[in-house]
Asker: 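Take this structure first; my questions come after.
Below, chain A is the first sequence line, B the second, and so on; all start at residue 1. Keep in mind that what you see is a predicted model, and the values were worked out from it rather than measured.
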Amino acid sequence: MDPLKDVADCRDLEFLRQNGARADFPLLQNEDLVFLDSGASAQKPQVVLDALTDFYRTGYANIHRGVYRLSQQATELYEGARGKIQRFLGAAESSEIVFVRGATEGLNLLAHSFVRPRVQPGDEILITQMEHHSNIVPWQMLGQETGAVLKYVPLTGTGELDLAALPELLTDRTRVLAVTHVSNALGTINPVAEIIRLAREKGVPVIVDGAQAVPHLAVDVQALDCDFYVFSGHKLYGPTGIGAVYGKAEHWRAMPPWQGGGDMILSVTMEQTTYAEPPACFEAGTPDIAGAIGLGAAIDYVQGLGLANITAYEQELLAAGTEILGAVPGLRVIGTAADKAAVFSFVLEGVHPHDVGTFLDGDNIAVRTGHHCAQPIMDYFGIPATTRASLGVYNTAADLEALAESLLRIRKFFRV
Amino acid sequence: MDPLKDVADCRDLEFLRQNGARADFPLLQNEDLVFLDSGASAQKPQVVLDALTDFYRTGYANIHRGVYRLSQQATELYEGARGKIQRFLGAAESSEIVFVRGATEGLNLLAHSFVRPRVQPGDEILITQMEHHSNIVPWQMLGQETGAVLKYVPLTGTGELDLAALPELLTDRTRVLAVTHVSNALGTINPVAEIIRLAREKGVPVIVDGAQAVPHLAVDVQALDCDFYVFSGHKLYGPTGIGAVYGKAEHWRAMPPWQGGGDMILSVTMEQTTYAEPPACFEAGTPDIAGAIGLGAAIDYVQGLGLANITAYEQELLAAGTEILGAVPGLRVIGTAADKAAVFSFVLEGVHPHDVGTFLDGDNIAVRTGHHCAQPIMDYFGIPATTRASLGVYNTAADLEALAESLLRIRKFFRV
Amino acid sequence: MSSLRDLYQELVLDHGQRPRNKRPIHDCSHEKGCTHREGYNPLCGDKLTLYVKSDGETLDDLCFEGDGCAIFTASSSMLTEVLKGKSVAEVKEILGEFLEMLTNGEAEPDPEGLGKLAVFGGVKDFPARVKCATLPWRALEAILASQSDDEGTTAGAVDSNDDQID
Amino acid sequence: MSSLRDLYQELVLDHGQRPRNKRPIHDCSHEKGCTHREGYNPLCGDKLTLYVKSDGETLDDLCFEGDGCAIFTASSSMLTEVLKGKSVAEVKEILGEFLEMLTNGEAEPDPEGLGKLAVFGGVKDFPARVKCATLPWRALEAILASQSDDEGTTAGAVDSNDDQID
Ligand SMILES: Cc1ncc(COP(=O)(O)O)c(C=O)c1O
Ligand SMILES: Cc1ncc(COP(=O)(O)O)c(C=O)c1O
Ligand code: FES
Ligand code: FES
């Protein structure tokens with residue numbers, strides 16, 4: 001009946017090599033569309049939509065305080081999603097997972113509840129020149145409020161972190177290091193395990209921004225030994241409005257809450273409030289219950305494909321795309337790290353990225369153009385913007401060929 | 001085909017009187033279920049689910065910075081939902097509406113960005129003894145941080161605000177008054193227009209917590225002349241994870257942002273950040289795009305029924321229920337305000353509310369039991385908890401009769 | 001779902017309505033061999049204080065104060081009744097079995113060892129009510145722990161937040 | 001969707017690639033009858049500086065600096081070319097019509113009044129690109145406003161944030 005249900009069950013690398021996982025995604029049944037903007041947000045497989053609607057149609061209720069079964073079942077589904085995230089990230093306990101709206105809210109939560117109590121004027125917060133604005137602005141704001149100083153690990157010409165500079169930047173005033181696992185603008189996969197080891201030696205806690213990593217690589221927070229790991233659901237084929245923060249239990253227990261409200265308290269009198277234990281005390285108010293459940297379904301989905309298969313397949317696409325785009329005259333890829341995700345950020349000589357983007361859209365090819373919320377990277381490369389094609393499990397080499405052909409037409413159109 | 005599509009189109013008070021709007025709600029097609037917990041969260045009509053899945057199936061993309069059509073259309077849908085909220089609340093401009101996760105996040109945002117910069121040690125924050133924890137805890141936290149003092153407008157025995165006490169509580173140190181429009185625990189509808197007028201005379205800005213009001217009454221923020229109005233989508237038949245804050249444009253423009261990240265900036269360099277205009281600067285990171293669109297659909301839905309019809313119908317249910325429950329021996333309704341929403345908070349002599357709740361659940365009647373995140377009210381009435389039946393557009397007098405019958409059986413079971 | 005009769009067995013209804021040993025010990029202090037502890041159920045706001053008199057070997061007297069639901073009241077009442085006169089070692093064993101019965105999703109309850117306390121076995125099927133039954137037992141657990149630490153009367157309260165069956 | 005040819009008309013491609021009057025006025029100051037203003041497009045990060053020399057009656061010289069997309073460059077270039085020598089009143093009228101053409105969802109463009117500037121009419125169908133075309137015009141608007149206030153050279157920048165067709 002539903003063509004989407006006919007998908008082969010054997011989900012391995014061979015399965016992906018046939019036609020990607022495109023058949024699982026309702027929106028991509030529009031065959032004309034070449035969707036190359038997964039870095040901004042990924043499309044949703046049918047199973048995620050089913051999880052949302054099934055919940056609303058048959059199991060919906062508010063959670064936590066309900067004495068009736070519907071509410072208890074909703075609570076179990078919500079807490080079950082927490083457990084899925086725990087296992088997905090390899091965390092030790094599900095109470096180490098806090099639900100947030102997305103990576104941005106997660107980083108703001110950590111700025112407020114983890115870092116703010118630790119910094120004095122003159123202390124240092126270390127980030128990198130490769131961060132998304134969401135991992136820059138909260139620290140700038142905190143610096144303004146507290147007098148802490150923001151320092152940056154610099155870039156190299158290939159768009160990698162200059163790790164040689166790291167040991168010196170980790171001083172005895174460094175209170176935290178916040179670093180992205182994978183760069184959204186360049187695709188660079190940072191050696192976070194190595195970075196965390198260096199930071200650990202100096203006793204500096206590390207926050208990893210995994211927004212662009214979890215859709216593409218298997219992550220094990222205990223093996224990494226990071227203190228916190230944040231990500232957004234919507235980039236992981238899940239719904240909008242939900243994401244998560246992993247943190248070591250000892251940190252959560254020592255942190256003051258951020259937002260106040262219902263469900264994060266043990267008792268409230270007019271004089272004072274006693275807070276609940278983590279994770280509850282970091283989830284004030286009614287959470288995005290359906291979003292959490294949808295995110296759980298998205299995690300089941302990617303685990304069904306297998307993270308190892310996804311990585312392998314996307315690396316094949318990266319290799320293919322590097323060759324295909326390499327044949328476009330005047331195209332320069334920005335970000336050529338040895339270890340990178342399937343992201344092509346590029347400039348086309350003589351044509352502004354936004355003109356490229358508009359033209360590609362005319363050919364039904366969806367890419368992102370601009371600074372990708374990472375202006376310091378653009379400043380480093382001395383360009384205002386790039387055109388970025390970022391891939392997901394549903395993409396194929398044919399998508400990259402369509403991109404290359406359209407780029408050749410653009411050169412003609414703009415006579416370059 | 002789908003029985004839900006057969007619903008009569010003529011949506012007026014008569015339509016509601018037939019059988020409520022139950023036919024619109026997939027979950028309530030389970031005929032055995034008597035759902036009386038809308039105050040915690042409302043069920044969702046099919047049209048809201050359709051809005052979510054249609055968006056994900058045919059129009060999904062991240063918003064704001066996309067040069068391609070899918071992204072622009074998503075942006076238009078998202079901003080269109082903002083416009084719906086503007087018109088729903090009678091706000092002057094759509095930029096006066098900021099999307100948040102829910103009322104709780106909205107109140108925390110206001111505590112941080114509106115009130116925090118205005119308070120000095122010894123200044124006063126005025127709330128009421130009728131508030132939900134979400135409108136207490138953020139102020140307690142702010143008080144602890146700033147040395148501001150939290151004061152409460154007291155209750156009366158009927159569960160109304162003691163307005164006679166208000167003028168004296170509005171001192172020249174009062175920096176803000178935050179008050180709920182409708183009490184979640186008691187149903188009391190507060191005379192907020194009158195309260196705002198009194199506060200205005202003393203130059204005190206007013207934040208109205210409309211979480212329990214918007215599903216039941218037409219609200220006009222300009223007529224009320226409130227400074228801020230917050231509500232949650234999930235109590236308004238919308239998805240979880242989304243809500244909104246209305247604020248006067250002049251306030252938003254003068255307020256510092258709260259969370260930092262993508263989409264709330266004009267430009268970021270390593271040294272500094274320039275923020276975007278409201279509402280963008282208060283919506284850091286990828287918002288709950290689908291949630292906002294779903295909330296827009298929920299607003300269309302309640303406006304299709306007509307807020308005036310909803311109010312009239314629910315007032316009829318309130319009258320009917322008061323009589324029906326009045327016939328249960330040993331039942332005492334807590335909260336008997338002259339002006340109240342269709343909420344029955346009660347204690348049953350000799351049976352603890354949680355035993356009542358478990359027993360009702362056995363009869364497939366979903367109610368909430370406990371302090372309803374409003375412990376100061378419980379303290380005032382000297383009870384630990386109540387059983388609360390809170391109604392929505394899908395309820396009927398038959399639901400209240402089922403409740404009363406079950407309560408009579410409970411009295412037998414527990415031999416009181 | 002189990003029936004309400006499994007949850008509210010006759011014994012539970014009886015102790016819920018006519019609790020035994022519901023009284024305070026006013027001069028409860030370490031010197032007098034008395035320890036008390038508060039318990040709090042954040043789900044409903046109900047509180048109890050449990051008092052235990054013991055020479056370190058035997059629990060000579062147990063009583064409680066606090067109002068709550070039938071399950072909470074019955075559990076507190078039967079705790080005080082069943083454990084009175086038992087040795088600390090016996091009490092620890094019963095405590096362990098009782099908590100195991102209610103909080104371990106997999107465990108098959110072993111009603112033999114628990115005697116009439118086995119009437120609470122049905123609570124497991126009502127997750128929202130598990131804390132009601134375990135509350136006095138968590139307070140007892142804290143008292144026993146404080147006694148082995150030889151700390152005597154301890155301040156602070158316990159809540160049975162952990163008693164969740166997922 | 002309109003075709004790309006409507007957006008990138010020959011004239012736009014030409015001015016986009018070979019902009020006229022793309023140069024700074026180095027000693028731009030009030031005393032010398034020169035005003036300049038920056039414009040910023042937050043969607044892409046592109047910036048421009050527009051320079052206007054005027055005796056208060058006529059715009060004697062206009063030029064700009066800044067790199068951006070073809071539409072931005074062409075719009076800046078044609079602005080400087082078309083308005084040079086026009087009276088302040090004429091300029092205000094053209095400015096009004098140009099912004100109306102691009103930002104009023106309903107308005108039918110009136111290409112007559114705008115002359116060759118009417119080539120930008122197609123931009124309206126590409127909402128993400130409207131700011132590209134309006135950016136220099138918003139800067140000009142700010143310059144004219146500052147001159148009527150008789151404030152002379154003003155600091156600060158404009159961004160064309162408002163140019164959104166909903
Ligand atoms: C590396 C990185 N960090 C953080 C974010 C912010 O994520 P969100 O907008 O979902 O909060 C993004 C999203 O683009 C990202 O790419
Ligand atoms: C009066 C009132 N205010 C605020 C809230 C908090 O809403 P949310 O949990 O959706 O943030 C509620 C929810 O119960 C409420 O009833
Ligand atoms: S409901 Fe409070 S202890 Fe049972
Ligand atoms: S893309 Fe920057 S101005 Fe057009």
Asker: For a 4.5 angstrom cut-off between non-hydrogen side-chain atoms, does Gln46(B) reach Arg57(A)?
Answerer: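 Contact flag for Gln46(B)/Arg57(A) side chains = yes.
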Asker: Please lay out, stage by stage, how Tyr275(A) and Met141(B) fare under the test side-chain contact (heavy atoms from CB on, under 4.5 Å).
Answerer: CA-CA 11 Å; Tyr275(A) 301 121; Met141(B) 291 169 86; 3.3 Å; yes
Asker: So which of Lys235(A), His132(A), Glu271(A) has the largest heavy-atom pair count under 4.5 angstrom toward chain B?
Answerer: Glu271(A)
Asker: Between chain A and each of Val268(B), Thr104(B), Thr53(B), count heavy-atom pairs under 4.5 Å; write down the option with the most.
Answerer: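 Ranked by contacts with chain A, first place is Val268(B).
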Asker: Heavy-atom cut-off 4.5 Å, strictly under: side chain, backbone, both or neither for Trp258(B) against chain A?
Answerer: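 Contact with chain A is through both the backbone and side chain of Trp258(B).
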Asker: Do any N or O atoms from the side chain of Tyr56(B) and from the backbone of Leu49(A) form a donor-acceptor pair under 3.5 angstrom?
Answerer: no
Asker: Looking just at side-chain N and O atoms, do Thr240(B) and Tyr60(A) make a donor-acceptor pair shorter than 3.5 Å?
Answerer: no
Asker: Does the side-chain contact (heavy atoms from CB on, under 4.5 Å) test come out yes or no for Ile265(B) and Gln140(A), once each step is laid out?
Answerer: CA-CA 12 Å; Ile265(B) 54 98; Gln140(A) 284 185 338; over 6 Å; no
Asker: Among Ala292(A), Pro256(A), Ser267(A), Gly243(A), which has the most heavy-atom pairs under 4.5 Å with chain B?
Answerer: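 Most pairs with chain B among the choices: Ser267(A).
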Asker: Check the pair Asn62(B), Arg368(A) against side-chain contact (heavy atoms from CB on, under 4.5 Å), reporting the backbone distance first and the verdict last.
Answerer: CA-CA 10 Å; Asn62(B) 208 334; Arg368(A) 192 120 309 215; 4.2 Å; yes
Asker: Heavy-atom pairs under 4.5 Å with chain A: which of Gln259(B), His133(B), Gln375(B) has the most?
Answerer: Gln259(B)
Asker: What part of Met264(B) is in contact with chain A, defined as an atom under 4.5 angstrom from a non-hydrogen atom: side chain, backbone, both or neither?
Answerer: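 When you check distances to chain A, only side chain atoms of Met264(B) fall under 4.5 Å.
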Asker: Please check if the side chain of Arg101(B) supplies one atom and the backbone of Asp288(A) the other of a donor-acceptor pair under 3.5 Å.
Answerer: no
Asker: What part of Pro287(B) lies closer than 4.5 angstrom to a heavy atom of chain A: side chain, backbone, both or neither?
Answerer: backbone
Asker: What residue, out of His234(B), His372(B), His354(B), has the most heavy-atom pairs lying under 4.5 Å from chain A?
Answerer: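 Among His234(B), His372(B), His354(B), the one with the most close pairs to chain A is His234(B).
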Asker: Among Val367(B), Leu33(B), Asp37(B), whose side-chain contact (heavy atoms from CB on, under 4.5 Å) with Tyr68(A) holds?
Answerer: Asp37(B)
Asker: Of the listed residues (Cys373(B), Pro138(B), Gly291(B), Gly143(B)), which shares the most heavy-atom pairs with chain A below a 4.5 Å separation?
Answerer: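 Result: the option with the highest number of such pairs is Pro138(B).
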Asker: With a 4.5 angstrom heavy-atom cut-off, could you sort out which part of Val100(B) is near chain A: side chain, backbone, both or neither?
Answerer: backbone
Asker: With only heavy atoms counted, which part of Glu145(B) is less than 4.5 Å from chain A, the side chain, the backbone, both or neither?
Answerer: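 For Glu145(B), side-chain heavy atoms alone lie under 4.5 Å from chain A.
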Asker: Could you have a look at Asn364(A), Val137(A), Leu27(A) and say which one has the most heavy-atom pairs with chain B under 4.5 angstrom?
Answerer: Leu27(A)
Asker: Looking at chain B, which one of His112(A), Gln144(A), Glu131(A), Gln272(A) has the largest number of heavy-atom pairs inside 4.5 Å, strictly under?
Answerer: Gln272(A)
Asker: Relative to chain B, which segment of Ala111(A) carries a heavy atom at a distance below 4.5 Å: side chain, backbone, both, or neither?
Answerer: neither
Asker: Donor-acceptor check, side chain of Asn108(B) to backbone of Gly260(A), threshold 3.5 angstrom: yes or no?
Answerer: yes
Asker: Is Ile242(B) close to chain A through its backbone or its side chain, or both, or neither, when contacts mean heavy atoms under 4.5 Å?
Answerer: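 The answer is neither part of Ile242(B).
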Asker: Looking at CD1 of Ile136(B) and OG1 of Thr273(A), how far apart are the two atoms once the value is rounded to the nearest 0.5 Å?
Answerer: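 One gets 7.5 Å once the value is rounded to the nearest 0.5 Å.
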Asker: Quick one: what part of Gln72(A) sits under 4.5 Å from any heavy atom of chain B, side chain, backbone, both or neither?
Answerer: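 Neither part, no heavy atoms under 4.5 Å.
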Asker: I need the residue from Gly370(A), Ala61(A), Ala284(A) with the largest number of non-hydrogen atom pairs under 4.5 Å to chain B.
Answerer: Ala284(A)
Asker: Can you tell which part of Leu142(A) gets under 4.5 Å to a heavy atom of chain B, answering side chain, backbone, both or neither?
Answerer: neither
Asker: Does any backbone or side-chain atom of Thr286(A) lie under 4.5 Å from a heavy atom of chain B? Answer side chain, backbone, both or neither.
Answerer: both
Asker: Please rank Gly357(A), Ala366(A), Gly285(A) by heavy-atom pairs under 4.5 Å with chain B and give me the top one.
Answerer: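 Among the listed options, the one with the most contacts to chain B is Ala366(A).
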